[in-house]
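Notes for the one structure printed next.
Numbering of ligands and ligand atoms starts at 1, following listing order. Scope of the values below: all heavy atoms of this structure, side chains included, with no hydrogens, waters or symmetry mates.
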Amino acid sequence: MDKLRVKGGKPLQGQVRISGAKNAALPALAASLLTADPVVLENIPLVNDIFTTRRLLRELGVAVEFESDHSARLRAAKIVSDEAPYDLVKTMRASVLVLGPLLARTGHARVSLPGGCAIGARPINFHIKGFEKLGASVRTEHGYVEAVAERLRGSEILFDKVTVTGTENLMMAAVLADGRTILQNAACEPEVVDLAGMLNDMGGKVQGAGTPTITVEGVSELKGTTHRIIPDRIEAGTFLVAGAITNSELELIDCNAIHVSSVIDKLREAGVHIEIAPGPTASTRLTVRGSEDFRAADVVTKEYPGFATDMQAQYMALMTQATGTSVITENIFENRFMHASELMRMGADIRIDGSRAIVTGKTRLSGATVIASDLRASASLVIAALIADGITVVDRVYHLDRGYEKIEEKLRSVGAQIERLK
Ligand code: EPU
């Protein structure tokens, strides 16, 4: 298992290119199942969750080729299997995103039920309830969820709770259903909007994505398209925090500042300087300038456009270096503070009280061997390691490799002393 070895204390300087969004690329890859025509996806991040999805799609019969320029060429001319097996789903919950497209295209799908994971129980009951509303009969047996429908019928679906992949799954199913589907209390995340745009380019009729009410008029078939994946807002936020904590000047290119607004606002509230300038091809350029004396600022994780749960761990690392006490409230997942105890082992002063973490800064952090429990927790430990005294070894780097493209190369290119131990 690879590890990362980080020597703390070096300021960073330079430019980092932000990759395409993993969480937008995953549903876009699944959407290729909806048509027999070729689909080209550009700006695909080369991370392990994407490679897992490639494996899954190949098992289903999709011809998938990745090019070195971050594009993927896909063609689901014929679906040869409609089953997502346990060994793939257990490594990546987002495999459940093939359920909607498979059901819509073939009338049948069998997907292993994802179990809980390091950040919470993460059931898929709202996905299942939605498919049933569209007329599918769904049963869960032997650890699999199996959905059957001769033809899906449009319906009104009210999500009990906002769910990102649930909204995406139902949107992909409804696009080929008979009649109109209205999704209420839908997720407003940019990744949902990106998927809706792709489906519309394929001939779908999806309206309202980005608001809590999405209307889908079913069509009888979809055609191929070329679609560019949006920039990764969580990777951008992670590098903003890395710049802030190291009191550095970092320029992020190829990102979308609007998608990162909640993080920018929160960092500015804490006293970090961030400039936004237009960049080429509708992207923005963000410059973060750290400050010696940034201050504690409370945060509550929320659905978009609120502060993303996927930025909570990185923000906690930053708050260990802020002056004062901050309260970080995690509202989305019930068990997403696993990084706190590792940060404490490095010297942080953090108290967990239910869904709140109370962080008192500024504390000196010292390098240690730490274990990451999930993707964003790992990013938080790498960020803490950048300013810790001495050497930090971050174990179980496979979590990071699931969602950050070449994070150590990007950090090294701006001056961090970081290396991968094989
Ligand atoms: N939930 C249910 N039942 C459902 C679906 C969700 O109870 O059927 C609950 C979840 O347990 C959670 C809340 O609803 O408490 C929200 O979960 P959601 O369904 O929105 O999460 P997700 O779609 O499984 C996506 C991202 C996550 C991100 C969350 C929240 C992808 C592939 N994953 O997960 O990303 O944290 O939305 O924004 O889009 C990551 O990239 O590190 C990551 C975990």
Side-chain angles (χ1 to χ4, degrees), residues 19-31 45 47-50 52-53 56 89 91-100 111 113-133 138 140 145 157-172 183 185-195 212 229-230 232-238 259 262-263 301-314 330-336 338-339 355 372-380 398-405 407:
S19 299
K22 164 184 82 85
N23 289 350
L26 293 170
L29 287 163
V47 297
N48 281 350
D49 274 6
I50 298 295
T52 305
T53 307
L56 172 59
V89 180
T91 61
M92 192 190 63
R93 305 177 43 81
S95 309
V96 76
L97 281 167
V98 299
L99 234 173
V111 173
L113 268 176
C117 72
I119 62 177
R122 305 186 75 185
I124 57 162
N125 52 323
F126 303 146
H127 302 230
I128 293 174
K129 210 169 134 189
F131 294 129
E132 284 174 339
K133 275 281 206 164
V138 186
T140 52
V145 47
I157 296 165
L158 169 66
F159 290 106
D160 295 335
K161 194 172 173 184
V162 172
T163 159
V164 178
T165 49
T167 302
E168 292 163 348
N169 231 343
L170 267 302
M171 228 161 63
M172 289 190 281
L183 303 177
N185 198 25
C188 301
E189 267 66 5
E191 294 75 17
V192 172
V193 180
D194 196 40
L195 175 65
I229 302 294
I230 54 170
D232 195 315
R233 62 194 168 103
I234 306 300
E235 190 195 15
T238 302
H259 296 168
S262 60
V263 176
T301 64
K302 290 203 181 96
E303 295 87 4
Y304 189 83
F307 191 93
T309 173
D310 290 345
M311 279 303 301
Q312 179 258 107
Q314 302 88 315
E330 173 56 58
N331 266 339
I332 307 295
F333 291 110
E334 66 273 23
N335 186 24
R336 210 173 192 182
M338 306 275 277
H339 42 283
S355 61
S373 49
D374 78 81
L375 172 56
R376 309 302 170 187
S378 319
S380 138
Y398 62 83
H399 288 298
L400 266 176
D401 294 337
R402 290 184 53 183
Y404 287 94
E405 184 173 343
I407 190 167

Starting from the N and O atoms of ligand 1, find every protein N or O within less than 3.5 Å and list the pair with its distance.
from	atom 1	to	atom 2	distance (Å)
ligand 1	3 (N)	P123	O	3.3
ligand 1	3 (N)	N125	OD1	2.7
ligand 1	8 (O)	P123	O	3.3
ligand 1	8 (O)	N125	N	3.0
ligand 1	8 (O)	N125	OD1	3.2
ligand 1	8 (O)	F126	N	2.7
ligand 1	15 (O)	K161	NZ	3.3
ligand 1	15 (O)	I332	O	2.6
ligand 1	19 (O)	T163	OG1	2.7
ligand 1	20 (O)	V164	N	2.8
ligand 1	23 (O)	T165	N	2.8
ligand 1	23 (O)	T165	OG1	2.6
ligand 1	24 (O)	R122	NH2	3.0
ligand 1	34 (O)	R122	NH2	3.3
ligand 1	35 (O)	N23	ND2	3.2
ligand 1	35 (O)	D310	OD2	3.1
ligand 1	36 (O)	D310	OD1	2.6
ligand 1	36 (O)	D310	OD2	3.4
ligand 1	41 (O)	K22	NZ	3.1
ligand 1	41 (O)	N23	ND2	3.0
ligand 1	41 (O)	R376	NH2	2.8
ligand 1	42 (O)	R376	NE	2.9

Those residues that, when tested against [X], pass salt bridge (Lys or Arg N to Asp or Glu O under 4.0 Å) (two or more places apart):
X	answer
K129	D160
D401	R420
E189	none

Contact check, side chains of F131 and L170, non-hydrogen atoms, under 4.5 Å:
yes

Between E330 and T309, do the side chains contain a donor N or O and an acceptor N or O under 3.5 Å apart?
yes

Partner of H339 by side-chain hydrogen bond (donor to acceptor under 3.5 Å, both in side chains), out of R376, Q312, Q314:
Q312

